[in-house]
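Here is the structure we will look at, set down as structure tokens.
We count residues from 1, following the sequence as given.
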Amino acid sequence: MRLSRGFIPTLKETPNEAQIASHRLMLRAGLVRQTSAGIYAWLPLGLRVLRNIERIVREEQNNAGAQEILMPTIQPAELWRESGRYDDYGKEMLRIADRHGREMLYGPTNEEMVTDLFRQSVKSYKELPQNLYHIQWKFRDEVRPRFGVMRGREFLMKDAYSFDLDHAGAVASYRRMMLAYMRTFQRMGLRAIPMEADTGPIGGDLSHEFIILAPTGESQVFYDAAFEEIDAIAGGYNHDRPDDLARFFQEMTSHYAATDEKHDTERWNRVDAGRKREGRGIEVGHIFSFGTKYTKAMGVTVAGPDGKPVHPEMGSYGIGVSRLVGAVIEASHDGSGIVWPDSIAPFKAAILNLKPGDAACDALCEQLYAALNGNALYDDRPDRAGAKFADADLMGHPWQIVVGPRGAAAGSVELKRRATGEKSEVTPEEALRRMGQG
Ligand code: P5A
């Protein structure tokens, strides 16, 4: 993308309404704009990040054996009457009527709808287990939408739903998703910690929140430093091996970790003083195992091995896809702007042409822009160098390639790594090679 033609409305001033760094930076770097309270439009730069997060989430869900579907945002009220949640959900649910006066709602989550889809098609235990997910917009009329996309009213969620014949199967599905989640967050450069949680309106008796640390987090968290050493990717856990899943789950649940809601001072006091860690946390995912809550309420059975009807056991597993954009920024920014992890950056590099119109600068920039094959934002604007440096830092591309007239004449560029600030004078080929693009 050429910045002179791009729709990337950056702001010099800090917007008044933004209280936390990620919200300020998302507005200033031109990622999103608010259209109503807690509702945002995603602009080109922000949408590229959102899509990158979706891609990682999707790859890890598929790897774990979940199958992607796409359910609608609008749901019929009857389904929610069946489960008993239509009234329970209260004012957070956006209720609407169609032209025939039928009660509908904008889905805050999809347990009922997926259970209904399952009920229509699955008849035998032989078709189990199943895990279905989608990445779809949700609406929750939050009392206090705030912090930009972190607590929005309309937000993008990945939600998966598992169906198993028995409790042992449901436990394996739960653990498989926990592993997929830890891998997902790690690939985004985040250290997430699973913490036991309340189940709220989703229900059930087993649930973990995935919390990442950031000073602006909504809850106080307490955890054992052992979590800082866990590597869900290098650990070599296989989703399909029950022993691996058991070993992984043991590792995730044997050390102390709790939010203030579930904090147990007695157990906390037993943690070695040198290993106690405390801070604020942001919930980026939440998984639930609720057995037969929905299959019973909605009368769903499959024929079991002995021919008798069985209520399948379910779990549901959520990731806050749009919230993650803010959460990653909270975890990775500095005084000059965003510092994107390579895996989700909107562009791999910014190419800064310090003298547009200079034949050598233009030619070299065009050459680099072509070599980066859609993965670069080319700052070809006729602005001063200072403004270009500031915008590139603000937008946070992992690499900056600075092309000035002196270097261009001599066949060199300046390559800067955004995360460390490290700069080097190299040939264009060497710059591409270092970026893993040569
Ligand atoms: C799990 C999947 C559920 O809804 N049903 C389907 C279960 N869980 S949850 O914890 O309520 O939400 C899952 C994740 O969605 C994100 N999230 C939000 N993101 C932005 N704005 C909001 N208002 C919001 N509410 C929830 C969180 O990351 C949460 O972990």
Side-chain angles (χ1 to χ4, degrees), residues 1-34 40-53 147-150 188-190 214-216 322-356 365 368-369 372 375-404 413-423 431 435:
M1 185 187 286
R2 287 169 202 270
L3 202 39
S4 62
R5 306 283 317 126
F7 189 73
I8 307 182
T10 56
L11 304 173
K12 294 222 166 31
E13 307 299 325
T14 297
N16 283 334
E17 74 266 29
Q19 301 161 21
I20 61 170
S22 60
H23 190 190
R24 279 196 291 276
L25 290 170
M26 287 182 74
L27 294 171
R28 282 195 52 213
L31 270 57
V32 292
R33 285 293 183 265
Q34 182 173 294
Y40 290 84
W42 293 79
L43 307 187
L45 213 56
L47 186 60
R48 289 179 74 100
V49 179
L50 195 67
R51 293 285 182 249
N52 286 338
I53 291 178
F147 300 158
V149 300
M150 293 270 238
M188 294 172 193
L190 297 173
T216 47
S322 50
R323 173 177 290 185
L324 271 166
V325 180
V328 167
I329 297 174
E330 285 301 322
S332 185
H333 69 273
D334 62 17
S336 311
I338 303 169
V339 182
W340 289 117
D342 297 77
S343 60
I344 62 165
F347 291 98
K348 179 172 243 175
I351 302 167
L352 279 57
N353 187 342
L354 298 191
K355 201 168 182 198
C365 286
L368 286 162
Y369 185 54
L372 281 156
N375 227 331
L377 184 66
Y378 174 19
D379 192 345
D380 57 343
R381 299 172 301 177
D383 292 0
R384 356 169 244 109
K388 297 192 178 199
F389 290 131
D391 272 352
D393 278 353
L394 173 65
M395 291 180 215
H397 321 284
W399 298 95
Q400 294 170 17
I401 311 175
V402 183
V403 179
V413 299
E414 184 185 82
L415 181 67
K416 175 175 156 184
R417 182 76 173 148
R418 175 68 178 87
T420 59
E422 197 183 321
K423 292 177 186 168
M435 291 168 43

Between [Y] and [X], is there a side-chain heavy-atom distance shorter than 4.5 Å?
{"X": "P341", "Y": "M188", "answer": "no"}
{"X": "W340", "Y": "S332", "answer": "no"}
{"X": "V149", "Y": "L31", "answer": "no"}
{"X": "I53", "Y": "V325", "answer": "yes"}
{"X": "M435", "Y": "L415", "answer": "yes"}
{"X": "V402", "Y": "V413", "answer": "no"}
{"X": "D342", "Y": "K348", "answer": "no"}
{"X": "V328", "Y": "I344", "answer": "yes"}

Problem - Nearest-0.5 Å distance that lies between atom CD in E414 and atom NZ in K423 - result: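 Between E414 CD and K423 NZ, I get 5.0 Å after rounding to 0.5 Å.
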Practice task
Please round to the nearest 0.5 Å and tell me the distance separating atom CE of M150 and atom CD1 of I329.
Solution key: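 M150 CE to I329 CD1: 8.5 Å, rounded to 0.5 Å.
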Which donor-acceptor pairs under 3.5 Å do the side chains of residues 376-396 make with protein atoms, sequence neighbours left out?
residue, atom, partner, partner atom, Å
Y378, OH, N353, ND2, 3.0
D379, OD1, R381, N, 3.2
D379, OD1, R381, NE, 3.0
D379, OD2, R381, NH2, 3.0
D380, OD1, S4, N, 2.9
D380, OD1, S4, OG, 3.0
D380, OD2, S4, OG, 2.8
R381, NH1, D391, OD2, 3.2
R381, NH2, D391, OD2, 3.1
K388, NZ, N353, O, 2.7
K388, NZ, D379, O, 3.3
K388, NZ, R381, O, 2.5
D393, OD1, Q400, NE2, 2.8
D393, OD1, K416, NZ, 3.0
D393, OD2, K416, NZ, 3.4

Handout entry: Worked check of side chain to side chain contact (heavy atoms under 4.5 Å, CB included) between D334 and V339
Key = CA-CA 7 Å; D334 62 17; V339 182; 4.1 Å; yes
Practice task
Could you go through the side chain to side chain contact (heavy atoms under 4.5 Å, CB included) check for L45 and F347 one step at a time?
Solution key: CA-CA 8 Å; L45 213 56; F347 291 98; 3.6 Å; yes
Practice task
Let me see the working for S322 and L50 under side chain to side chain contact (heavy atoms under 4.5 Å, CB included), right down to the final yes or no.
Solution key: CA-CA 6 Å; S322 50; L50 195 67; 4.0 Å; yes
Practice task
Could you tell me whether R418 sits above the aromatic face of W399, with NZ or CZ closer than 6.0 angstrom to the six-membered ring centre and within 45 degrees of the axis?
Solution key: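 No, cation not above the ring by the 6.0 Å, 45° rule.
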Practice task
Sort and list the pairs that fulfil salt bridge (Lys or Arg N to Asp or Glu O under 4.0 Å) and have at least one residue in residues 40-52, not counting sequence neighbours.
Solution key: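 Applying salt bridge (Lys or Arg N to Asp or Glu O under 4.0 Å) to every pair that reaches into residues 40-52, excluding sequence neighbours, yields R51-E54.
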Side-chain atoms of residues 8-27: list all donor-acceptor pairs with protein atoms under 3.5 Å, sequence neighbours left out, distances to 0.1 Å.
residue, atom, partner, partner atom, Å
S22, OG, E330, OE2, 2.7
H23, ND1, G148, N, 3.4
R24, NH1, Q19, O, 3.3

